[in-house]
Amino acid sequence: TAVRHSIVSDGCLLFGSEIDHCVIGVRARVQRDTRLKDVIVMGNDFYEEDEVRAANLAKGIDAAGIGPGCTIERAIIDKNARIGAGCTLRGRAGRPDMDGDGWFLRDGILLIPKNGRIPAGTVIE
């Protein structure tokens, strides 16, 4: 994991990710090959055990935290969010405010609300 110009809280689990100009909250989980830039991740209220993660995956529920292979820029991700694998989520200055399925864009910043779920492969640009 490469961390540059960022603050990472206690208890975070970062697996081979790239973190640049971010604040990563307590108990946040960021999987491999994920790139975060200009992102605030509020973290989680809990750790999700491997058995729970496997059971949830069998039900089609992504794990708590940020899945593998994601690119996220200019975003605020609230507590206990579940972002599936391979998502591309980008806020951008100058974009009009928008509301999507489980996300909001305000003043060019992408917002994922508390307990929000973004399915694997979602692209928001």
Side-chain angles (χ1 to χ4, degrees):
T1 297
V3 178
R4 290 182 294 280
H5 308 289
S6 299
I7 298 171
V8 178
S9 297
D10 289 340
C12 291
L13 301 171
L14 307 176
F15 301 95
S17 49
E18 186 178 331
I19 313 290
D20 185 18
H21 198 250
C22 297
V23 176
I24 310 297
V26 67
R27 290 180 295 275
R29 185 178 186 118
V30 181
Q31 296 290 10
R32 63 180 168 71
D33 300 326
T34 288
R35 182 177 176 272
L36 305 179
K37 181 171 176 38
D38 300 325
V39 176
I40 298 171
V41 179
M42 301 301 277
N44 294 306
D45 289 326
F46 54 87
Y47 285 112
E48 200 169 55
E49 300 297 329
D50 289 337
E51 299 81 25
V52 173
R53 293 166 56 81
N56 283 343
L57 186 59
K59 296 177 198 171
I61 300 171
D62 291 308
I66 301 171
C70 292
T71 299
I72 304 174
E73 298 177 5
R74 198 173 163 94
I76 299 173
I77 301 170
D78 208 341
K79 291 173 87 173
N80 306 327
R82 296 174 183 271
I83 298 176
C87 290
T88 300
L89 311 175
R90 288 189 173 105
R92 189 172 307 133
R95 288 181 60 189
D97 291 352
M98 301 172 69
D99 294 353
D101 189 17
W103 58 271
F104 308 94
L105 187 70
R106 297 292 185 268
D107 296 324
I109 299 171
L110 183 65
L111 307 166
I112 309 298
K114 185 175 181 179
N115 299 314
R117 293 176 65 184
I118 302 296
T122 298
V123 176
I124 303 169
E125 292 194 275

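- Of the candidates Ile66, Ile77, Thr71, Leu14, Ile66 is the only one forming a side-chain contact (heavy atoms from CB on, under 4.5 Å) with Leu36.
- With sequence neighbours excluded, the residues that form a side chain to side chain contact (heavy atoms under 4.5 Å, CB included) with Arg95 are Arg92, Met98, Leu105.
- Remark: Arg117 engages no residue in a salt bridge (charged side-chain N to carboxylate O under 4.0 Å, His left out) (not counting sequence neighbours).
- Atom CG of Asp97 sits in a crowded spot, with more than 12 heavy atoms from other residues, nucleotides or ligands closer than 6.0 Å.
- Every residue two or more places apart in sequence or in another chain was checked for a salt bridge (charged side-chain N to carboxylate O under 4.0 Å, His left out) with Asp38, and none qualifies.
- Evaluated for a side-chain hydrogen bond (donor to acceptor under 3.5 Å, both in side chains) with Lys79, the options Asp45, Asn44, Asn115 yield exactly one hit, Asp45.
- Under a 3.5 Å cut-off, the side chain of Thr88 and the backbone N or O of Val123 do not form any donor-acceptor pair.
- A salt bridge links Arg82 to Glu48: one of the charged nitrogens lies within less than 4.0 Å of a carboxylate oxygen.
- Contact record, Gly86 with Cys70: N-SG, 3.8 Å, taken as the closest heavy-atom pair.
- Linking ILVMFWY residues whenever their side-chain heavy atoms come closer than 4.5 Å, directly or via other members, places Val39 and Val8 in the same cluster.
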Residues Tyr47, Leu13; criterion side chain to side chain contact (heavy atoms under 4.5 Å, CB included); working and verdict: CA-CA 10 Å; Tyr47 285 112; Leu13 301 171; 4.2 Å; yes
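- One hydrophobic cluster, built from ILVMFWY side chains closer than 4.5 Å, holds both Ile40 and Leu111.
- Evaluation of the salt bridge (charged side-chain N to carboxylate O under 4.0 Å, His left out) test over residues 58-77, restricted to residues two or more places apart or in two chains, returns Arg35-Glu73, Glu73-Arg90.
- The two atoms that bring Arg27 and Phe46 nearest to each other are NE-N, 3.7 Å, heavy atoms only.
- For the pair Asn56 and Val52, the minimum side-chain heavy-atom distance is below 4.5 Å.
- With hydrogens and angles ignored, the 3.5 Å screen pairs a side-chain donor or acceptor of Ser6 with a backbone N or O of His21.
- Taking the salt bridge (charged side-chain N to carboxylate O under 4.0 Å, His left out) definition, one finds that Asp99 meets it with Arg106, sequence neighbours left out.
- Between Trp103 and Ile124 there is a side-chain heavy-atom pair separated by less than 4.5 Å.
- Side-chain contact between Arg4 and Glu18 is present, with at least one heavy-atom pair separated by less than 4.5 Å.
- Tracing side-chain contacts under 4.5 Å through hydrophobic residues (I, L, V, M, F, W, Y), one never reaches Val23 starting from Ile112; they form parts of separate clusters.
- The shortest heavy-atom contact between Cys12 and Ile24 is SG-CG2, 3.7 Å.
- A single hydrophobic cluster is not seen to contain both Leu89 and Phe104; linkage of ILVMFWY side chains at heavy-atom distances under 4.5 Å, directly or through other members, places them apart.
- In terms of the side chain to side chain donor-acceptor pair (under 3.5 Å) criterion, Arg29 has no residue partners (sequence neighbours excluded).
- Residues Ser17 and Ile19 form a side-chain contact, since some pair of their non-hydrogen atoms from C-beta on lies under 4.5 Å apart.
- In terms of heavy-atom proximity, Pro113 sits nearest to Gly102 at CD-O, 3.3 Å.
- For Gln31 against Gly67, the heavy-atom pair with the smallest separation is CB-C, 3.5 Å.
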Thr1 and Val3: CA distance, side-chain angles, deciding distance, side chain to side chain contact (heavy atoms under 4.5 Å, CB included) verdict: CA-CA 6 Å; Thr1 297; Val3 178; 3.9 Å; yes
